[in-house]
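Worksheet for the structure shown next.
What you see is a predicted model; the values in this text were computed from it and never measured. Quick note on labels: first sequence line is chain A, next is B, and so on, each numbered from 1.
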Amino acid sequence: MIPNENPSELETIRHSCAHLMAQAVQELFPGTQVTIGPVIEDGFFYDFSRKEAFIPEDLEKIEKRMKELAAADTPIVRSEISREEAIKKFGDMGETFKVEIIEGIDPNEPISLYTQGEWGDLCGGPHVESTKKIKAFKLLHTSSAYWRGDERNPVLQRIYGTAWNTEKELRLYLKRLEEAKKRDHRKLGKELDLFSVSDDIGPGLILWHPKGARIRHLMEEFWKKEHFKHGYEMVISPHAAKIDLWKTSGHTEFYKDNMFSNMDIEGREYVMKPMNCPFHIQIYKTKLRSYRDLPVRFGELGTVYRYERSGVLHGLLRVRGFTQDDAHLFCRPSQIEEEITKVLDLIVFILQSFGFHEYKIYLSTRPEKYVGSDEGWESATKALETALNNKKLDFEVDPGEGVFYGPKIDIKIKDSLNRYWQVSTVQVDFNLPEKFDISYIEEDGQRHQPIMLHRALMGSLERFFGCLIEHYAGAFPLWLAPVQVILLPITDNHAVYADKIAQQLEESGVRVEKDLRNEKIGFKIREAQLQKIPYMIVLGDKEVESSTLGVRRRRSKETRTLDLKTFLDEVNEAVKNRTIDSAD
RNA sequence: GCCAGCGUAGCUCAGGGGUAGAGCAACUGAUUCGUAAUCAGUAGGUCGGCGGUUCAAUUCCGCCCGCUGGCUCCA
């Protein structure tokens, strides 16, 4: 844990609140050992060592006790003790985890204690001066956690909480959490009939319903168009292959545990593909390549299968079968930097087209288990870094998070609860070209080895779609809306006119539906509104007589009377520009 | 995979050792209506699965499956 040198006032309150919780827990559940309790975004947690897990009712009790302790207005006092004293003190208390922490502290550093009444904790601080300063807090949920984040270590019981300056801020935060739940893609996926997962099929395997699939087609169409425009060629590869292919690539050695188990076909072992690269390499290898052909850019919406442990599956955001918007670029070494730069441009363009303007960029460096030479790693990492700097993109280094075959740039976007999910990636790979022994003929007439770039922009269509749903809370911009316009005739007498308008809109490429049910207009509006359809068109006597449309936009009570042409122009313009209207 | 919680009609949920209930949706009928819910009726469930306890289990217990929140993991 990196100590926060300059915590804000609120962070200090949160940390003191974590102490207050630890005090309450140790009072209510004697024998519980304390470990660490840091501040996190919007709150804090504390990990306890205790045989029994905390149950929801425990949290209520703890919270109640915390309120009493806070109200007691006990001063929080800092003191320093020697290392030996500290080890003895916590050792005598049976706090073995704390002793381990003290033993790990630099002997030259002072050891500080923060004490409130009878209760104290080893802590670097700072803290608020009195428990009374801790006013607005709530315990949220429990979890298990491994000591020092390692699953070989003992399991600890974690309690998460949140704390704010005032009750009002706390209320607003809890409200924000509630709102975020409403835009959960799993909830919206059901309500808007976009996708489902079936127990009979298996966890992490997605069924795209007509409306979801419609959006996917639009995503794919846009993606393909942009790729053809940028010098990519599209290829298609099978979903399974002989295991030998993965032996050559090194995947069986490094990632066997994450592959769907073997299938026996006529005595040969096959596996579902966990990635597309070896297939694209095979296509590359089918003929002799000249330096004049490079870079060769093979793109594919390639569906892959990966065994993800059951506990990590999450709606569309973490699944076992997904389609990557993958591409592999075979380059001369001198082309690497420029190609990375072009890919970064394309990533930013695609993300912005879908409305994502906030993202985090990471440069992931060499992991513990890797293949290839140190020089290769260094120059590849350098190429990525230079491209990022040239594009003036802010990034953080993620040490040791690279892929076994090379370093990479990752781009993450966030879901409704501000959890970040990796979408785009650019990976430099000088190892697979070696393993598959691919080459091209250079100017000098000799065989040379190309360098490969692996890249994805949306990452996986499933994950990207999940983020998209949450980003728009299901109210997709017009160009992506599965149903763009719904026609709402007021009575049966207007159905014929609705048919006529529907046909004209369809002919112009508008995705239109009719609500011909025998319901009142208010009811139809309500349903269209809940389905987040961008345009509702009310058709009654007035419209039929004047051959116009009563146009109502989603999230707007205002209605306009437009003729068909004016309306179509408005729709076409918004679709063409992929407009993201704030009124959406 | 680990810890905890949850699993009842298509959906949202109530109930509880004596064979199950609401609202919405669906279906039928009436109504033909101007911008967020018209009225009435009908139908719908092996109470996630398997096993145990019991005269009796959807309810209690065990195991399994699935989901949720975290942890670990994420080529």
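- At a threshold of 4.0 angstrom between heavy atoms, the contacts of A:R158 are confined to the sugar-phosphate backbone, with no base atom among them.
- If you check distances only, the side chain of A:R318 does reach the base of B:rC74 with a donor-acceptor pair under 3.5 Å.
- For B:rG1, its base sits under 3.5 Å from the side chain of A:Y146 at one donor and acceptor pair at least.
- Remark: the A:N493 side chain and the B:rU32 base include no donor-acceptor N/O pair separated by less than 3.5 Å.
- Between A:L316 atom CG and B:rC67 atom P the separation is 13 Å, expressed in whole Å.
- The gap from the C1' atom of B:rU59 to that of B:rG7 amounts to 14 Å, rounded to the nearest Å.
- A side-chain N or O of A:Q427 and one of A:Y405 form a donor-acceptor pair less than 3.5 Å apart.
- Base engagement by A:N258 is indicated by at least one non-hydrogen atom pair under 4.0 Å involving a base atom.
- Judged by distance alone with a 3.5 Å cut-off, no donor-acceptor contact links the side chain of A:E308 to the base of B:rG1.
- Geometric assessment of A:R14 against the ring of A:W164 yields a positive cation-pi assignment under the 6.0 Å and 45° thresholds.
- Rounded to the nearest Å, the gap between the C1' atom of B:rG44 and that of B:rA20 is 13 Å.
- For A:R526 against B:rU35, no side-chain N or O and base N or O form a donor-acceptor pair under 3.5 Å.
- Residue A:S143 places no side-chain atom within donor-acceptor reach of the base of B:rG69, judged by atom type and a 3.5 Å distance cut-off alone.
- Where A:Y405 and A:D541 each meet RNA chain B at their nearest nucleotide, the meeting point lying more 5' is that of A:D541.
- Shown here, B:rA56 forms no base pair; nothing in the strands shown gives a Watson-Crick or G-U wobble contact with both key distances under 3.5 Å.
- Under the stacking definition used here (centres under 5.5 Å, planes under 30°), the residue A:Y255 qualifies as stacked on the base of B:rA75.
- In this structure, the side chains of A:L453 and A:V428 come closer than 4.5 Å at one or more pairs of heavy atoms.
- Contact detail for A:G299 and A:A327: the closest heavy-atom pair is CA-CB, 3.8 Å.
- A cation-pi arrangement is found for A:R553 relative to A:Y535, the charged atom lying closer than 6.0 Å to the ring centre and inside a 45° cone about the ring normal.
- If you check every strand for non-hydrogen atoms under 4.0 Å, A:P274 touches a base.
- Taking every side-chain heavy atom of A:A53 into account, B:rA4 is the closest of B:rC33, B:rG69, B:rA4.
- For B:rU53 and B:rC61, the C1' atoms lie 7 Å apart once the distance is rounded to whole Å.
- Across all strands shown, A:R419 has heavy atoms under 4.0 Å from sugar-phosphate atoms exclusively, and none from any base.
- Annotation: of the two residues near RNA chain B, A:V197 and A:R306, the 5′-most nearest-nucleotide partner is A:V197.
- Taking the P atoms as reference points, B:rG21 lies 14 Å from B:rC47, given to the whole Å.
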